Participant: 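First the structure, then my questions, so here it is.
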Amino acid sequence: MKSPFLYLIIGLAFTVTAENEKPVLKFGYTEACPHMCPNEENQGFTTDIARSIFVEQFGYTVEFYALPWARAVADVAKGELHGVLSAGKDETPELWFPEREIAVQSDCFIGLASDNWVAGDIYSFLNRRTIVFKGWANESAYRAALGSSQYEELFDDFSIDSRYMERVVNMVKLGRADAFWMDVNVYAYYQQRYPQLFDAQLKNLGCIKFQYLYLAFSPAFEQLSAQLMAEFDEGMQQLRKTGDLVSILQRYGVQDWH
């Protein structure tokens, strides 16, 4: 007959092992190369940074889920995902942010090369039709200034997903919109990869804002998210120290924003 103490020892050993086991991290991302490239072999520099920190430095298993941007943010807020890549603080104030950013983003507008308009303040968008993305950080401020009715006359919000690029370019080329939102690095990337689509008919009509982007974490996992934020900050510091961050960025033709 086995001693009850043996069962106790076995039970305690199992408990310690279970508690020390790292969770599988689930991160959402969307189509916005070179930041995030779910449909390509090299899946984006922010994806590579997250993988380098959490897999290579801290030994987690990480799974990436390609989702439309608005859904990815909602799933993180609800605790269905642990985090989302390339989130701005103004766009996703409900999420948690580490101290160190993972990228920088510009709010730029692309239109026809023949268009002399220059993006400026809120009122520069009057008498135009501009495509932005669902979850655009400026929406609430612009709605407050213009009123919802006028805002909806001036702006179309499109889902950022695998179809965003082709849809918005065709809308502008067909004259159904005057400009579309795009980050300057994303625009440069798609000009190089898809010259037939992003051709000489288009140009950057100006940028209105630059902001840091983060790997944002879910408030639904308080203790875990706090730990992951600290590990991300430590890991990002290590990537800069070793030069590995520069190597990651160079794969995508991007320079260190610092």
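These figures come from a predicted structure and were not determined experimentally.
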Participant: Charged N to carboxylate O under 4.0 angstrom, D256 versus R240?
Facilitator: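 Between R240 and D256 there is a salt bridge, with a charged N closer than 4.0 Å to a carboxylate O.
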
Participant: For the pair D75 and K26, find out whether any cationic side-chain nitrogen is under 4.0 Å from an anionic carboxylate oxygen.
Facilitator: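 Looking at K26 together with D75, the answer is no, because their closest N to O distance does not fall below 4.0 Å.
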
Participant: Does the pair R193/E40 count as a salt bridge with the N-to-O cut at 4.0 Å?
Facilitator: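 Judged by the 4.0 Å cut-off on N to carboxylate O distance, R193 and E40 do form a salt bridge.
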
Participant: Passes side-chain contact (heavy atoms from CB on, under 4.5 Å), M229 versus L215? Steps please.
Facilitator: CA-CA 9 Å; M229 288 189 292; L215 202 177; over 6 Å; no

Participant: Can the ring centres of Y151 and F155 be said to be less than 6.0 Å apart?
Facilitator: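 Under 6.0 Å, so yes.
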
Participant: Starting from the C-alpha separation in whole Å, work towards a yes-or-no answer on ring pair (Phe, Tyr, Trp, His ring centres under 6.0 Å) for Y194 and F198.
Facilitator: CA-CA 6 Å; Y194 303 102; F198 290 81; 7.2 Å; no

Participant: Could you check whether F27 and H82 have their ring centres less than 6.0 Å apart?
Facilitator: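 Judged by ring-centre distance (under 6.0 Å), H82 and F27 do not meet the cut-off.
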
Participant: Please determine if D199 and K173 form a salt bridge, counting it only when a charged side-chain N lies under 4.0 Å from a carboxylate O.
Facilitator: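 A salt bridge is present here (some side-chain N lies under 4.0 Å from a carboxylate O).
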
Participant: Suppose we call two aromatic rings close when their centres sit under 6.0 Å apart. Are W181 and F133 close by that rule?
Facilitator: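 Yes; F133 has its ring centre under 6.0 Å from that of W181.
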
Participant: Tell me, with the steps shown, if F109 and F125 meet ring pair (Phe, Tyr, Trp, His ring centres under 6.0 Å).
Facilitator: CA-CA 11 Å; F109 295 89; F125 290 88; 5.1 Å; yes

Participant: What do the steps show when you test D115 against K203 for salt bridge (charged side-chain N to carboxylate O under 4.0 Å, His left out), and what is the final call?
Facilitator: CA-CA 9 Å; D115 192 346; K203 71 176 182 181; over 6 Å; no

Participant: Check whether D233 reaches the backbone of E99 with its side chain - one donor and one acceptor, N or O, closer than 3.5 Å.
Facilitator: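 Pair found, side chain donor or acceptor close to backbone of E99.
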
Participant: When V84 is tested against each of Y29, W69, Y65 for side-chain contact (heavy atoms from CB on, under 4.5 Å), which residue passes?
Facilitator: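 The single option meeting the side-chain contact (heavy atoms from CB on, under 4.5 Å) with V84 is W69.
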
Participant: In terms of ring plane angle, is the pair F45 and H35 parallel, tilted or perpendicular, where the classes change at 30° and 60°?
Facilitator: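 Ring orientation of F45 relative to H35: tilted.
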
Participant: So E101 and W257, side-chain contact (heavy atoms from CB on, under 4.5 Å) or not? Walk me through it.
Facilitator: CA-CA 10 Å; E101 75 281 357; W257 50 94; 2.7 Å; yes

Participant: Is the positively charged end of R100 above the ring of F232, judged by distance under 6.0 angstrom from the centroid and angle within 45° of the axis?
Facilitator: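 Not flagged: R100 not positioned over aromatic ring of F232.
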
Participant: Step by step, work out the side-chain contact (heavy atoms from CB on, under 4.5 Å) result for S148 and R143.
Facilitator: CA-CA 5 Å; S148 287; R143 279 187 183 275; 3.2 Å; yes

Participant: Using the side chain to side chain donor-acceptor pair (under 3.5 Å) rule, pick out the option among T46, D48, N185 that qualifies with Y252.
Facilitator: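 Of the listed options, the one satisfying the test is D48.
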
Participant: Run the salt-bridge test on E139 and K134 with the 4.0 Å N-O cut-off and return the result as yes or no.
Facilitator: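 Salt bridge: no.
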
